Undergrad: 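What follows is a structure written as structure tokens; I'll ask about it next.
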Amino acid sequence: MDPRKVFLIELHEIIKDYSKIRNQLVDPSEDDIIWDEFKLSKEEVNALKKYNFDDVALSAIEKTVRDTILGAFHDAFALLDAVADPNIVEVDKTWLGLTLSERELNEEEENEEFLHDEIYGAYWDWLERRNKDK
């Protein structure tokens, strides 16, 4: 199968898995979230615990989360494909996007940075740009 197709199919499975948040809504905890920046406060946990989510409400919430995650990936891919321009970062020249390509066996560069590693660090860059005018 075409590697791009494999990636996109797997991405839909990841989106589906990450949209399953019913346990976090029904039994929220301050400790369920790994990254400190997104940990719930005691007030947020208590607010969620006040609601009696039934299966229909939980299904609706999960569908909404799934649609939102899919929309985020769509917009990210539009940026990669250069059919959308960066909104937060000013670039000096025309935005031409980025390419993702299939690796060849033994093609890995010694000091290569991986996107899955860089995304968390980029959060702080994003936050700084969002707050620079405040």
Side-chain angles (χ1 to χ4, degrees):
M1 183 182 284
D2 172 50
R4 289 170 61 108
K5 188 72 145 184
V6 170
F7 175 76
L8 293 170
I9 290 171
E10 290 295 321
L11 185 58
H12 279 283
E13 185 67 13
I14 292 167
I15 291 169
K16 181 184 71 64
D17 289 345
Y18 275 81
S19 70
K20 294 180 180 178
I21 63 167
R22 65 182 56 220
N23 290 342
Q24 293 144 303
L25 294 173
V26 172
D27 189 24
S29 167
E30 298 168 58
D31 301 324
D32 284 347
I33 297 171
I34 297 169
W35 209 34
D36 285 342
E37 184 67 12
F38 300 122
K39 285 194 184 270
L40 301 179
S41 68
K42 289 183 191 297
E43 294 82 17
E44 291 166 331
V45 169
N46 289 334
L48 285 173
K49 285 183 177 181
K50 288 181 184 177
Y51 291 96
N52 255 345
F53 297 107
D54 62 16
D55 282 339
V56 175
L58 291 168
S59 177
I61 292 167
E62 287 179 341
K63 284 180 180 179
T64 302
V65 169
R66 192 169 174 184
D67 181 63
T68 302
I69 295 170
L70 181 58
F73 274 107
H74 173 271
D75 289 357
F77 290 153
L79 192 58
L80 280 172
D81 292 338
V83 296
D85 291 321
N87 289 319
I88 302 293
V89 179
E90 290 184 31
V91 293
D92 295 334
K93 53 188 177 183
T94 302
W95 176 253
L96 299 175
L98 301 170
T99 60
L100 300 176
S101 60
E102 182 180 13
R103 291 180 187 265
E104 298 295 326
L105 193 58
N106 299 323
E107 186 182 319
E108 187 175 317
E109 294 197 23
E110 192 171 311
N111 295 317
E112 182 178 10
E113 295 288 331
F114 290 104
L115 288 173
H116 75 275
D117 293 325
E118 292 180 57
I119 192 164
Y120 287 106
Y123 172 82
W124 302 107
D125 298 329
W126 167 81
L127 190 63
E128 181 180 316
R129 287 186 183 276
R130 294 281 301 188
N131 294 329
K132 75 177 182 179
D133 295 329
K134 290 183 181 179

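What you see below is based on every heavy atom in this structure, not just the backbone, and it leaves out hydrogens, waters and symmetry mates. All residue numbers in this chain count up from 1 along the given sequence. This is a predicted model, so every value here is computed, not measured.
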Undergrad: Between Leu25 and Val56, is there a shared hydrophobic cluster once you connect ILVMFWY residues whose side-chain heavy atoms come closer than 4.5 Å?
TA: no

Undergrad: Tell me every residue that passes salt bridge (Lys or Arg N to Asp or Glu O under 4.0 Å) with Lys16, counting only those two or more places apart in sequence or in another chain.
TA: Glu13

Undergrad: Can you tell me which residue pairs pass the ring-ring contact (aromatic ring centres under 6.0 Å, His included) test with a partner in residues 79-102, sequence neighbours excluded?
TA: none

Undergrad: Checking Trp35 now: which residues fulfil side-chain contact (heavy atoms from CB on, under 4.5 Å) with it, not counting sequence neighbours?
TA: Glu37, Phe38, Tyr120, Tyr123, Trp124

Undergrad: Would one find more than 12 heavy atoms of other residues, nucleotides or ligands at under 6.0 Å from atom CD1 of Ile119?
TA: no

Undergrad: Enumerate donor-acceptor pairs with a distance under 3.5 Å from any side-chain N or O in residues 57-66 to protein atoms, sequence neighbours excluded.
TA:
residue : atom : partner : partner atom : Å
Glu62   : OE1  : Arg22   : NE           : 3.4
Glu62   : OE1  : Arg22   : NH2          : 3.2
Glu62   : OE2  : Ile21   : N            : 3.1
Glu62   : OE2  : Arg22   : N            : 3.0
Glu62   : OE2  : Arg22   : NE           : 3.3
Thr64   : OG1  : Ala60   : O            : 2.8

Undergrad: Heavy atoms only: give me the nearest Ala82-Gly97 pair and the separation to one decimal.
TA: CB-N, 3.6 Å

Undergrad: Starting at CZ of Phe7, measure out to NE2 of His12 and round the result to the nearest 0.5 Å.
TA: 10.5 Å

Undergrad: As a quick check of understanding, evaluate side-chain contact (heavy atoms from CB on, under 4.5 Å) for Leu8 and Phe77, giving each step before the final call.
TA: CA-CA 11 Å; Leu8 293 170; Phe77 290 153; 3.9 Å; yes

Undergrad: Could you work out, with side-chain contact (heavy atoms from CB on, under 4.5 Å) as the rule, every residue matching Val83, not counting sequence neighbours?
TA: Ala78, Asp81

Undergrad: Suppose the criterion is side chain to side chain donor-acceptor pair (under 3.5 Å): which pairs have a residue in residues 43-52, not counting sequence neighbours?
TA: Ser41-Glu43, Ser41-Glu44

Undergrad: Got a second to check how far Ile88's CD1 is from Lys132's NZ, nearest 0.5 Å?
TA: 9.0 Å

Undergrad: Is there any salt bridge (Lys or Arg N to Asp or Glu O under 4.0 Å) pair reaching into residues 120-131, and which pairs are they, with sequence neighbours excluded?
TA: none

Undergrad: With sequence neighbours excluded, tell me which residues meet side-chain contact (heavy atoms from CB on, under 4.5 Å) with Thr99.
TA: none

Undergrad: When rounded to the nearest 0.5 angstrom, what is the spacing between CZ in Phe73 and OG1 in Thr68?
TA: 12.5 Å

Undergrad: Check salt bridge (Lys or Arg N to Asp or Glu O under 4.0 Å) between Lys42 and all other residues, then give those that pass, not counting sequence neighbours.
TA: Glu30

Undergrad: Connecting only ILVMFWY residues whose side-chain heavy atoms lie within less than 4.5 Å of each other, what is the rest of Val6's hydrophobic cluster?
TA: Met1, Ile9

Undergrad: Considering non-hydrogen atoms only, spot the tightest contact between Pro28 and Leu40 and give its length.
TA: CB-CD1, 4.4 Å

Undergrad: Say you draw a straight line from CG of Leu70 to CG of Leu11; how long is it, rounded to the nearest 0.5 Å?
TA: 8.0 Å

Undergrad: To the nearest 0.5 Å, what is the distance between CG on Asn131 and CG on Leu127?
TA: 4.5 Å

Undergrad: With sequence neighbours left out, write down each residue that passes side-chain contact (heavy atoms from CB on, under 4.5 Å) with Leu100, or none if nothing qualifies.
TA: Leu80, Leu115

